[in-house]
Protein chains: 2
Amino acid sequence: MENLFEKPLVTVDIIIFTVVDSDLKVLLIRRGVAPFKDMWAIPGGFVRSDETLEEAASRELVEETGAKDIYLEQLYTFGNPKRDPRGRVITIAYFALINSENIKLHATTDASEAKWFSIYDLPQLAFDHKDILDYALKRLRWKLEYTAIVFQLLPKRFTLAQLQKIYEITFHKKFDKRNFRKKILILNILKEAGAQKIVKHRPAKLYSFKGKIERIIEIF
Amino acid sequence: MENLFEKPLVTVDIIIFTVVDSDLKVLLIRRGVAPFKDMWAIPGGFVRSDETLEEAASRELVEETGAKDIYLEQLYTFGNPKRDPRGRVITIAYFALINSENIKLHATTDASEAKWFSIYDLPQLAFDHKDILDYALKRLRWKLEYTAIVFQLLPKRFTLAQLQKIYEITFHKKFDKRNFRKKILILNILKEAGAQKIVKHRPAKLYSFKGKIERIIEIF
DNA sequence: ACAAAAGTGTTGAGAGTACACCCATGC
DNA sequence: GCATGGGTGTACTCTCAACACTTTTGT
């Protein structure tokens, strides 16, 4: 009866999404220890007693990617008593969006153990991490549809084609170019920011996101 | 350094909403012990080591209201290290929707200590429970707007006026009767289910929700 | 001149909004 | 017959989806 109220371990896991090479990717790490040794897993770690959950997630994010000031949002808390064979571990999952520019700057952390995987071509995952990832993907799609979160996946200046590409990748379907551009531009959230250089075809206009990002994302 | 990784306590808290007397209400309990003795708080309790988080929430729900098979959904996890003055307590908040019929059946649990409060007229709350409640209300509004969750707040058979009333209460504004009815009926999710009796005016048609509730609610 | 991607408008269908009167019942 | 809430239709606006050709640049 006593251990019925035993304290669980509490971790945060972070699903880190990015779009590179026309593909939606997620960062996974290879486990060095049992259980699930050598399998791929979502990065995470224990919550320290002096930090908030968001601080814990943010700290793990910096440890894995070196990237600071990244969009981070709490996803869901997974607490099935059997999810970790070693004992009760409750994990608060976060998801993070990082743009391809930041990746290139910081891809050097522990490179032998961390790798970007296409969301459409995943290895087998440790624990219940496949469920967590499925949930994260659902949330990402929803957020792209109903909020202005997409700009977290883009560099400061981008073309409308890049923007459209992100939607096509995450929703796994094509959109009509004219309708897409009309829909975005009518929102009046972009401002023109010069033009591409050094391309071997007609250079596209560059845009940047006008609003304070926080303001628009707060739809939820 | 050792207690930096001390295990936190983990609780679930449940925000239980209902609509009665043309008002949106939430169930609160009066605390019998310090800290915040005699203040009102969201019901909750510790997660046992053999149960899932949802089972813990469901168990607390039964303990507070006696009601089973109630709609329950995970809301958010609150883990600020200072949220409980006694030490680190992480709480996974759930929210539940219960219809007024069920309330009347089970309002007898520990009645001196539990009470329904209008969401628009709340007492001061213990801990960070006001934040949790604000968050729950946002989620409820969002869900009402974009999912078929409203039927969880209604008895099996209901009138369109009752349905409209719930929207007016939670969004705190009036809707046009003709447009509202058109919008609902065109969705083709209701079926007629007889008529009211014993009313002192023209009796309204009763409707019931056609779909499997789970199917439609899964929008998120 | 050709390859490659950028850029641009119109039409039709459906959804949302505004708005006011008659109907069925109990007393 | 009157008080109470129930029930109904139309016209306008706006948003969304379908659809194909011209423009600019580098080679």
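FYI, side chains are in, hydrogens and waters are out, and symmetry mates aren't considered; it's all heavy atoms of this structure.
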Query raised in the report: Taking atom C1' of C/dT8 as reference, at what distance in whole Å does atom CD1 of A/Ile184 sit?
Result: 17 Å
Query - Rounded interatomic separation in angstrom, taking CG from A/Leu187 and C1' from D/dT15 - result: 12 Å
**Report entry** A/Phe209 CZ to A/Leu163 CG distance, which is reported to the nearest 0.5 Å
**Finding:** 10.5 Å
**Report entry** Value in whole Å for how far the C1' atom of D/dC16 lies from CZ of A/Phe180
**Finding:** 15 Å
All N/O donor-acceptor pairs, side-chain side in residues 194-202 of chain A, below 3.5 Å, sequence neighbours left out:
{"residue": "A/Gln196", "atom": "OE1", "partner": "A/Ala204", "partner atom": "N", "Å": "3.2"}

**Report entry** Any B/Phe158 side-chain heavy atom under 4.5 Å of B/Leu190 side chain
**Finding:** yes
Query raised in the report: Between atom NZ in A/Lys183 and atom P in C/dG7, what is the gap in whole Å?
Result: 20 Å
So which protein N/O to nucleotides 24-27 of chain D N/O distances come out below 3.5 Å?
{"residue": "D/dT24", "atom": "O2", "partner": "A/Arg202", "partner atom": "N", "Å": "3.4"}

Query - Pairing residues for A/Arg83 by the side chain to side chain contact (heavy atoms under 4.5 Å, CB included) criterion, not counting sequence neighbours - result: A/Asp13, A/Phe78, A/Asn80, A/Val89, A/Thr91, A/Asp128, A/His129, A/Ile132
Query raised in the report: Among all residues two or more places apart in sequence or in another chain, which pass the side-chain hydrogen bond (donor to acceptor under 3.5 Å, both in side chains) test with A/Gln164?
Result: A/Glu168
Report task. Any chance you could measure B/Thr65, atom OG1, to B/Ile98, atom CD1, to the nearest 0.5 Å? Result -> 4.5 Å
**Report entry** B/Lys210 and B/Asn188: side chain donor to acceptor below 3.5 Å
**Finding:** yes
Strictly under 3.5 Å: I want the nitrogen or oxygen pairs between protein and nucleotides 10-15 of chain C, one per line.
{"residue": "C/dT10", "atom": "O4", "partner": "A/Lys182", "partner atom": "NZ", "Å": "3.1"}

Query raised in the report: Starting at CG of A/Leu185 and ending at C1' of C/dG9, how long is that distance when rounded to a whole Å?
Result: 14 Å
**Report entry** Side-chain heavy atoms of A/Trp116 within contact of A/Asp23, under 4.5 Å
**Finding:** no
Query - Residues within residues 166-178 of chain A bordering DNA chain D, heavy-atom distance below 4.0 Å - result: A/Asp176, A/Arg178
Query raised in the report: Relative to the ring of A/Phe175, is the ring of A/Phe171 parallel (under 30°), tilted (30 to 60°) or perpendicular (over 60°)?
Result: perpendicular
Query - Note: B/Lys130-B/Asp134 ion pair, threshold 4.0 Å (strictly below) - result: yes
Query raised in the report: To the nearest Å, how far apart are A/Lys205 NZ and D/dT23 P?
Result: 16 Å
**Report entry** B/Arg59 with B/Glu63: basic N within carboxylate O range, under 4.0 Å
**Finding:** yes
Query raised in the report: Rounded to the Å, how far apart are B/Ile198 CD1 and C/dG26 P?
Result: 10 Å
**Report entry** Whole angstrom value for the distance that separates P of C/dG7 from CD of A/Gln162
**Finding:** 12 Å
